[in-house]
Structures are given as structure tokens and as C-alpha cells.
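Presented below is the structure to which this report refers.
In what follows, residues are counted from 1 in the order of the sequence shown.
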Amino acid sequence: MMNTVLIEQTAKNIKLAEAVVLAVLFASIAAGLGGMYLSLALGIVMFILAGIALVGFMAVRVWRWWMHG
């Protein structure tokens, strides 16, 4: 009984982290496209941030796989 509650709490934390990282990923892609309209350097910086967010998203997916199989 206690183990099930712990797994559910961990799953909620993982889903929250996944949602946050995915939101940052899409927001930085959109900002990168908009930033390229204003300045090429700003667009490049936002796409670098999108790459970091993509790596974070993959890390969360690996964390999810590691915890729940």
C-alpha cells in the first residue's frame, strides 16, 4: 500500500517536470523564430536555449523510464 502511494507521487513529480520542460521547449522555439525577425543573434540564443530544453526533456524521459520501467 505504501509503495503504491510513493510511485504515484513520483509519477506526478515526473509529469510536472516533463510539462515544465516541454513548455520551455516550445516557448523557446517560438521565441527563436520571433527573435530571428528582430535579430539573428537573439534567434540563435533562443534556439540554443531550445536545445538545452530538448536535452532536459530527454533527461526527464530517461528519469521516467528509470523510475517506472
Side-chain angles (χ1 to χ4, degrees):
M1 186 76 165
M2 297 289 272
N3 196 13
T4 304
V5 173
L6 182 61
I7 289 173
E8 289 177 6
Q9 288 176 346
T10 305
K12 285 180 183 178
N13 290 342
I14 292 172
K15 286 181 183 179
L16 178 64
E18 189 174 16
V20 168
V21 170
L22 200 58
V24 170
L25 175 65
F26 285 131
S28 59
I29 288 173
L33 291 173
M36 284 177 48
Y37 179 74
L38 298 174
S39 166
L40 184 62
L42 179 63
I44 289 171
V45 167
M46 292 312 293
F47 279 122
I48 289 173
L49 182 63
I52 293 169
L54 180 65
V55 170
F57 178 72
M58 289 187 290
V60 169
R61 296 297 286 186
V62 168
W63 178 33
R64 184 178 191 180
W65 170 78
W66 185 264
M67 295 299 286
H68 299 293

Counting only pairs under 3.5 Å, give me each side-chain donor-acceptor contact of residues 18-43, with atom names and distances, residues two or more places apart or in other chains.
unit_1: Glu18; atom_1: OE1; unit_2: Arg64; atom_2: NH1; d: 3.0
unit_1: Glu18; atom_1: OE2; unit_2: Arg61; atom_2: NH1; d: 2.5
unit_1: Ser28; atom_1: OG; unit_2: Val24; atom_2: O; d: 2.9
unit_1: Ser28; atom_1: OG; unit_2: Leu25; atom_2: O; d: 2.9
unit_1: Ser39; atom_1: OG; unit_2: Ala41; atom_2: N; d: 3.4

Flag yes if Leu54 and Trp63 sit in one hydrophobic cluster, no otherwise; membership is Ile, Leu, Val, Met, Phe, Trp, Tyr, and two members link when side-chain heavy atoms are under 4.5 Å apart.
yes
Kindly state each residue pair satisfying side-chain hydrogen bond (donor to acceptor under 3.5 Å, both in side chains) with at least one member in residues 41-56, sequence neighbours excluded.
none
Residues forming a side chain to side chain contact (heavy atoms under 4.5 Å, CB included) with Ile52, sequence neighbours excluded
Ile48
Joint cluster assignment, Ile14 & Trp66, ILVMFWY side-chain distance < 4.5 Å:
yes
